[in-house]
Every structure is written in structure tokens, then in C-alpha cells.
Amino acid sequence: MSELIVSLHDVAPSKAELCRRWVEILNERNIRATLLVVPGKWNGASLDTSPQFVDWLRGAEADGHEIALHGYHHIVDAKYRTTHRRQLAGTLFARGCEEFWHLPYAEAHRRIRLGRETLEGYGFCPKGFVAPGWLMSPETMKALRQSDLLYTTTHTHFIDLLHGVEEKIISLSQRPNSVLTKGGIAVNFMATEVMRYLRAPMRLAIHPNDLINARVRNANLSIIDRFVNRGYETMTYAEKHQSLSAKLSTPDPVHPE
Ligand SMILES: [Zn+2]
């Protein structure tokens with residue numbers, strides 16, 4: 001069966017109300033999503049100062065959603081900036097959120113560890129890490145490969161860190177509040193129609209602010225509904241990792257002579 005993985009990015013106390021409404025909408029559709037949580041301080045708020053938000057996260061997990069890591073502070077640190085070319089690419093694709101795009105090994109390792117410890121301190125057990133904007137330095141990838149996290153993702157691939165296997169699954173996301181919004185939605189619509197026809201696996205990345213723009217919100221919901229109606233199975237990233245692991249450990253069937 002073809003797979004649709006829905007992830008809600010930027011899950012953090014500063015976006016609490018929008019996240020809460022998205023999860024409510026997903027629950028109405030029986031969609032279990034991966035909630036990508038920013039564990040450190042971001043937009044002036046942190047988990048430590050937001051006990052109600054942490055309680056809500058626990059409830060979302062109890063509803064079947066997965067809690068995963070989404071960077072640490074979700075903001076680029078000028079201190080670590082590398083080449084001008086990389087700066088331009090980071091700003092273009094992540095608009096200041098490219099926290100892990102320039103990081104050296106030690107700092108990437110430290111932030112991944114801090115993020116895990118923060119979530120574990122609240123009783124969560126994150127299995128995966130998705131960098132803000134999907135942008136990672138080569139050293140971040142190295143730090144992830146040496147961690148015991150199970151997976152990470154890029155814009156185009158799901159990466160099984162445990163088995164060292166990558167699977168191409170395109171991720172689509174809309175861009176609210178941009179001159180590209182209308183055109184982007186039309187392009188995404190065409191792309192999803194082709195993927196749906198081919199029954200290709202798909203990822204949909206939702207952002208809290210998508211809810212504010214009716215056009216973007218409805219485009220996301222329409223993608224989910226059309227794929228589900230086509231018979232796609234929705235799953236979290238952790239479930240995707242589980243099913244990939246099961247496939248990898250199943251020997252190829254022996255064909256009769
Ligand atoms: Zn993000």
C-alpha cells in the first residue's frame with residue numbers, strides 16, 4: 001500500500017494555539033502525524049516555562065501522534081556561519097531557520113543531545129530528528145549517524161540511520177504569506193496528482209501558520225483527503241522506520257527453480 005506521511009513542523013509553545021487546532025483537524029480525519037517539536041527556547045518561550053503546552057503534547061502523543069526533534073533553537077546562529085554561498089542558499093530555503101546548516105560536529109552533537117535530554121526530561125522518547133528547513137551541514141549528518149536516533153529526513157529522502165538506508169520520498173509544503181503562495185499551490189497540486197496517479201509514497205509538511213491562510217490550509221487538507229481516498233495509508237515517521245526495518249530484516253522470498 002502507498003504511504004502518506006504527514007508532519008507538523010515548528011511545534012512549540014509560541015505556536016501552541018495553531019498547533020492545537022492542526023492536531024484537532026488531523027484527529028477528526030484519523031490522521032496520526034509526526035509532531036516536530038522545537039525543544040529549546042524559541043520566540044521567547046520554551047517547554048520549561050510552558051507546562052500546559054507540555055501537557056497538551058502528552059495528550060497528542062496519547063492520541064497516536066509521534067513526538068520528534070526539530071532542531072534545538074530553530075534559528076541560525078551567526079557565530080557558525082560558513083561560506084557566503086551556503087549563507088545565500090540557507091537564507092533562500094529556510095529564511096533564518098537554518099540552525100543546523102553551518103554547524104560544526106561538536107555543536108551539532110551538543111544541540112542534538114540537549115534536544116533529546118529536554119524531551120526525555122518530560123517523558124518523551126524521540127526516535128528521529130528533522131532539521132529546520134531540512135538543512136544540515138555534513139557534520140550534522142555525521143553527528144546523527146553516530147547518535148542512536150533511528151532516522152532523519154531531507155527534502156527528498158527518508159534516511160534510516162540504523163541501517164544506513166535512504167528512501168526517496170518527496171516532501172511537499174506550501175508557503176503561506178508569500179507572493180509564491182498561489183503559484184506554489186498550483187505546482188504542488190499538479191505534483192500530487194502525478195504522484196497519486198503513480199501511487200508514489202508522499203510526505204506532506206504542514207506548518208502552524210498554514211492554518212491562518214485559508215488557501216494554504218485548504219490545499220493541505222485537500223491533499224490529505226485526495227491521497228486517503230486513493231487508498232494511501234497514513235503513518236508517522238517512526239512507523240515508516242518500523243516498516244522499513246521489517247522489510248530489511250525479511251529475507252527475499254526463495255523462488256522455485
Ligand atoms: Zn521548522
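Just follow the structure's listing: the first ligand is 1, and inside any ligand the first atom is 1. For this chain, numbers begin at 1 and follow the sequence in order.
Residue Asp10 approaches the Zn ion (ligand 1) most closely through its N/O/S atom OD1. When the N, O or S atoms of His74 are ranked by distance to the Zn ion (ligand 1), NE2 comes first.
Side-chain contact between Pro132 and Phe100 is present, with heavy atoms from C-beta onward closer than 4.5 Å.
Below 30°, between 30° and 60°, or above 60°: for His241 and Phe158 the angle between ring planes is between 30° and 60°, a tilted geometry. Aromatic ring pairs are classed by plane angle as parallel below 30°, tilted from 30° to 60° and perpendicular above 60°; the pair His109 and Tyr105 is parallel.
Taking 2.8 Å as the criterion, His9 does not count as a coordinating residue of the Zn ion (ligand 1), since none of its N, O or S atoms falls below it.
A salt bridge is defined here as a Lys NZ or Arg NE, NH1 or NH2 lying under 4.0 Å from an Asp or Glu carboxylate O, and Asp225 with Arg29 meets this definition.
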